[in-house]
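Counting starts at 1 for both ligands and their atoms, following the listed order.
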Amino acid sequence: MASTIKNLSDFSHIQVADASPYTFGIVVSQWNANVTGALLNGAIEGLEKHGALPENIDIIEVPGSYELVAGADIILRNKKFDAVICLGCVIQGETPHFDFICDAVAHGVANVGLKYNKPAIFGVLTTTTLEQATARAGGIHGNKGEEAAITAIQMATISAKY
Ligand SMILES: Nc1c(NC[C@H](O)[C@H](O)[C@H](O)CO)[nH]c(=O)[nH]c1=O
Ligand SMILES: CC(=O)[C@@H](O)COP(=O)(O)O
């Protein structure tokens, strides 16, 4: 398995840019709040560790991961963030509902970034178990929220150059 015993959030191999010039929007879903709360903490820590100013980080909550796209659209329509981070946790149940949500959110986040010409980062866990989710929200496999924050910084830096 690709992620077996690996910390997926190890960024020691890259030079992360200075985040202080940039503004960030974070949209976080309330479903599986224990997990998404840990993702949010990881994202905030990741941004501030690399210089992002607390006053340059706006956070909004939405009900579920499906609403992350609408939330990102709303904040991008009202404020020119340098990047938006979408954080959620979708855990598979008994029906294909999981597949529809994950597909809609993945494509929706990509499309909202293109719509506003801003980096929109997909920081959504899509797991078959709660244990897999917690392992990726500050557990043995790192923190997907921190990963999303680093990605947002790097993409905001690239976007600012072109
Ligand atoms: N089952 C999960 C959901 N379901 C709710 C949807 O995201 C959405 O809010 C609803 O379909 C109304 O539009 N959401 C998650 O974030 N995680 C889940 O595991
Ligand atoms: C991902 C979901 O919406 C999931 O929690 C729904 O569970 P189920 O497929 O058993 O209805």
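- Nearest non-hydrogen protein atom to atom 18 (C) of ligand 1 is Trp31 CE3, 3.3 Å.
- Residue Pro63 has no nitrogen or oxygen atom sitting less than 3.5 Å from a nitrogen or oxygen atom of ligand 1, judged on distance alone.
- Note on Ile85 and Leu76: separate hydrophobic clusters, where clusters join Ile, Leu, Val, Met, Phe, Trp and Tyr whose side-chain heavy atoms are under 4.5 Å apart, directly or indirectly.
- Considering only heavy atoms from C-beta on, Thr128 stays 4.5 Å or farther from Ile91 through its side chain.
- Side-chain contact between Ile60 and Ile74 is absent, with no heavy-atom pair separated by less than 4.5 Å.
- Scanning the protein heavy atoms around atom 19 (O) of ligand 1, the nearest turns out to be Ile91 N, 3.0 Å.
- In the displayed structure, Phe122 atom CZ is contacted under 6.0 Å by more than 12 heavy atoms of other residues, nucleotides or ligands.
- Connection of Ile44 to Val35 is established within a shared hydrophobic cluster, with ILVMFWY side chains joined at heavy-atom distances below 4.5 Å, either directly or through further cluster members.
- Here is the list of ligand 1 atoms found below 4.0 Å of a heavy atom in Asn32: 17 (N), 18 (C), 19 (O).
- Applying the salt bridge (charged side-chain N to carboxylate O under 4.0 Å, His left out) test to Asp58 and every residue at least two apart in sequence or in another chain returns Lys79.
- Two residues are said to be in side-chain contact when any heavy atoms from C-beta on lie closer than 4.5 Å; Glu146 and Asn41 fail this criterion.
- Residues Arg136 and Leu125 come closest through the heavy atom pair CB-CD2, 3.5 Å.
- Protein residues are said to neighbour a ligand when one of their heavy atoms lies under 4.0 Å from it; for ligand 2 these are Val90, Ile91, Gly93, Glu94, Thr95, His97, Phe98, Ile101.
- In this structure a side-chain-to-backbone donor-acceptor pair under 3.5 Å is present from Thr36 to Ser29.
- Among all protein heavy atoms, the one lying closest to atom 9 (O) of ligand 1 is Glu67 OE1, 2.6 Å.
- Among Ser29, Cys89, Gly64, Ser65, the residue whose heavy atom lies closest to atom 17 (N) of ligand 1 is Cys89.
- By the 3.5 Å distance cut-off applied to N or O atoms, Ile101 is not counted among the residues near ligand 1.
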